[in-house]
Amino acid sequence: MTTLYISLFTWLFFFGYWIILISITYQILTKRHSTPAAIAWFLIIYIFPIIGIITWLFFGKLYLSERRFQLANKIWSKTNVWLTDFKSCETFFEKKNSDVATSLFQLCKHRQGISGIKCDQLKLLTNAKEIIKTLIHDIYLAKNNIEMVFYIWKPGGLADDVANALISSAKRGIHCRLMLDSAGSVDFFRSKWAQIMRNSGIQVVEALKINIFRIFIRRIDLRQHRKVILIDNYITYTGSMNLVDPRLFKQSAGVGQWIDLMARIEGPIASTVGIIYSCDWEIETGKKILPKTPKKNKNFLKLKKKHNSIQVIASGPGFPKNMIHQALLTAIYSARKELIITTPYLVPSDDVLHAICTAAQRGIKVSIIIPRYNDSLLVKWASRAFFSELLDAGVKIYLFEKGLLHSKSILVDQQLSLIGTANLDMRSLWLNFEITLVIDNSQFGKDLASIQYEYISHSRLLDKKLWSIRSHWKIILENFFYFFNPLL
């Protein structure tokens, strides 16, 4: 009898196992993944079945809960009314762009429904102390509202100074909202600061809350990766910097201080960023906080003659699909003289890799700046699998040696700039909630170029000949981790 039960259990186990494999295979085939991604999933699932099935349950399916999808659709139907009112403010939109930027701005207009927006003041900030000092100054001058969203808020040092400034502003009647990713800001939510802020009147929201029991509702690695600050619906900050003190953040990783890039902007672009923030906020809380349109904001009534033309690209479920990926390709193919890219994680899609190599092969001066030391072992080795192809095409690869270069930027012909939160990897291009600024302005391009050239001065140029004779075991590791490239 015992043998019969064992046989029955074994038969049921294998029957269930094959049903699960067939089900996952069907989902891969019907979801229309890219060919490399589909092949990678098939290999993992069939060669390492148990690990593959678990990995698929956690990371294979890109979806939010049904409640979130319904709410997102409802939000955008109402937001379209706001956008129609916004587009009626014709004086705030730029009608003409430079030759190098025209294609990308037309793409953004077609996919997102609005033209490039004029902005008066746009400043790049590279020093963490300067960024925090400027931010705290703006927080203390705030008159109405402050909204923030970050992937990581790590208590300690400079981050505590910002926390105290927010608390002080909330106590004097400023409406403060803070949205932090549950996974990235786990230390914040475990600290005293979350409750202290709530007690002071700040609305604190834990975005995409981590819960092991929700793996069948949504992917747990779908993260809120934006870094945005809005003050009085007029001042906007965004870029690569999380709310951390780089002197304290991840020092045990042995990669040095994180080097970031933030932009501070004044003008109507705050309304566009504000609508993105309001959508994120409503999905998390169910509460609507639509910003005022520019024509109702007195700060926007007088624009200077010299201004920047800016587009904002938001990604993530509920936003235009593949928009950042399309923007990257369009920008790269628009280059005529020079292309400079900085990214901490270099794991491009086949399309982006091909575009970069093609740019170099058609005579464009292409430079990629990445950190020599990385906090992600998987990405470190996976990125190296691309080096040979890039070097063969004529791309110059610089390894930054003065810390973990975390800034994300693309500069085309010193005219068209892309800066924001998106890394050059699959997670940023296809999965996370990200935000990217597209700026068409030669002076801003020159400012960004000077920063990138400074990065290069602190970098080591990768030698093609030395790279070609690296150890055989390194080549094996690179190719092994490259196998996981579509899944990163």
Side-chain angles (χ1 to χ4, degrees), residues 34 36-37 40-41 43-44 51 55 58-60 62 151-152 181 183-184 219-225 227 240-242 244 246 249-261 315 324-325 328 341-353 356 367-391 395 397-410 420-434 436 455 459-460 462 467 470 473-488:
S34 66
W41 276 119
L43 289 174
I44 291 175
I51 295 175
T55 303
F58 277 86
F59 308 118
L62 175 54
Y151 174 58
I152 300 173
D181 183 79
R219 285 182 63 158
I220 64 170
D221 65 331
L222 169 61
R223 305 315 322 158
Q224 174 53 269
H225 199 244
K227 294 96 176 167
S240 65
M241 184 175 171
N242 289 292
V244 302
F249 185 62
K250 288 193 175 183
Q251 289 303 298
S252 61
V255 296
Q257 291 191 18
W258 288 41
I259 309 298
D260 283 292
L261 180 66
S315 69
I324 288 182
H325 189 246
L328 286 176
I341 299 172
T342 68
T343 180
Y345 310 118
L346 179 65
V347 192
S349 67
D350 288 343
D351 291 336
V352 171
L353 177 66
I356 294 172
S367 303
I368 298 178
I369 314 166
I370 59 175
R372 181 176 181 181
Y373 305 104
N374 204 295
D375 64 326
S376 171
L377 181 65
L378 184 62
V379 172
K380 171 187 173 181
W381 285 101
S383 65
R384 293 184 177 193
F386 300 95
F387 286 0
S388 294
E389 189 171 347
L390 290 166
L391 291 171
V395 176
I397 301 175
Y398 293 93
L399 305 178
F400 185 79
E401 296 183 315
K402 291 197 69 175
L404 195 153
L405 184 63
H406 191 244
S407 66
K408 308 105 170 31
S409 67
I410 294 178
T421 67
N423 299 308
L424 205 61
D425 62 13
M426 299 300 192
R427 187 168 304 282
S428 287
L429 296 180
W430 307 109
L431 181 62
N432 286 338
F433 291 93
E434 307 279 3
T436 295
Y455 292 157
S459 303
R460 177 172 63 86
L462 188 63
W467 182 253
R470 66 196 183 283
W473 68 267
K474 291 183 178 180
I475 297 175
I476 293 174
L477 269 180
E478 291 160 11
N479 289 328
F480 174 77
F481 284 107
Y482 173 76
F483 172 77
F484 296 96
N485 166 37
L487 313 181
L488 293 178

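Worth knowing before you read on, the calculation uses all heavy atoms, side chains too, and leaves out hydrogens, waters and symmetry mates. Note that the structure is predicted; figures quoted are calculated from it, not measured.
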Show the nearest heavy-atom pair for residues S407 and S240, with the distance to one decimal. CA-OG, 3.4 Å

Mind checking whether T343 and I410 have side chains closer than 4.5 Å, heavy atoms only? no

Side-chain contact test, heavy atoms from C-beta onward, threshold under 4.5 Å: evaluate it for I397 versus L346 and give yes or no. no

Enter the distance from I368:CD1 to I356:CD1 here, rounded to the nearest 0.5 Å. 4.5 Å

Compare every heavy atom of G256 with every heavy atom of Q251, then report the nearest pair and how far apart it is. NE2-O, 3.9 Å

Below 4.5 Å, heavy atoms only, C-beta onward: do L261 and T342 meet side chain to side chain? no

List the steps, then state whether side chain to side chain contact (heavy atoms under 4.5 Å, CB included) holds for S388 with W467. CA-CA 8 Å; S388 294; W467 182 253; 3.2 Å; yes

For the CD atom on E389, are there more than 12 heavy atoms of other groups (residues, nucleotides or ligands in this structure) within a distance under 6.0 Å? no

What orientation do W381 and W473 show, parallel under 30°, tilted 30 to 60°, or perpendicular over 60°? tilted

Validation row: H325, V352 side chains within 4.5 angstrom (heavy atoms): yes

Does T436 reach the side chain of L328, with side-chain heavy atoms less than 4.5 Å apart? no

Measure up the W258 and H406 rings against each other and bin them: parallel (under 30°), tilted (30 to 60°), perpendicular (over 60°). tilted

Any chance you could measure Y345, atom OH, to D375, atom CG, to the nearest 0.5 Å? 3.5 Å

Drop me the distance from F249's CZ to D260's CG, to the nearest 0.5 angstrom. 9.5 Å

Can you list the steps and then say if N242 with K227 is a side chain to side chain contact (heavy atoms under 4.5 Å, CB included)? CA-CA 6 Å; N242 289 292; K227 294 96 176 167; 3.1 Å; yes

I'd like to check R384 versus R470 (side-chain heavy atoms, cut-off strictly below 4.5 Å). Are they in contact? no

Which atom of F400 lies closest to which atom of S459, heavy atoms considered: CA-OG, 3.3 Å

Note, T421 side chain near Y151 side chain (heavy atom, < 4.5 Å): no

Any non-hydrogen side-chain atom of F387 less than 4.5 Å from a side-chain atom of I370? yes

Indicate yes or no for a side-chain donor-acceptor contact from N432 to the backbone of R223 under 3.5 Å, with no hydrogens or angles considered. yes

Distance alone, cut at 3.5 Å: any donor-acceptor contact between the side chains of E434 and S315? no

Worked check of side chain to side chain contact (heavy atoms under 4.5 Å, CB included) between H225 and R427: CA-CA 10 Å; H225 199 244; R427 187 168 304 282; over 6 Å; no

Gap separating the CG atom of L405 from the CD atom of Q257, nearest 0.5 angstrom: 13.0 Å

How long is the span from the OH atom in Y455 to the OG atom in S367, to the nearest 0.5 Å? 14.5 Å

What's the shortest heavy-atom distance between S428 and N423, and which atoms? OG-N, 2.9 Å

On a heavy-atom basis, the closest approach of N374 and P371 is ND2-CG, 3.9 Å

Rounded to the nearest 0.5 Å, what's the gap from OH on Y398 to CG on L462? Could you check? 11.0 Å

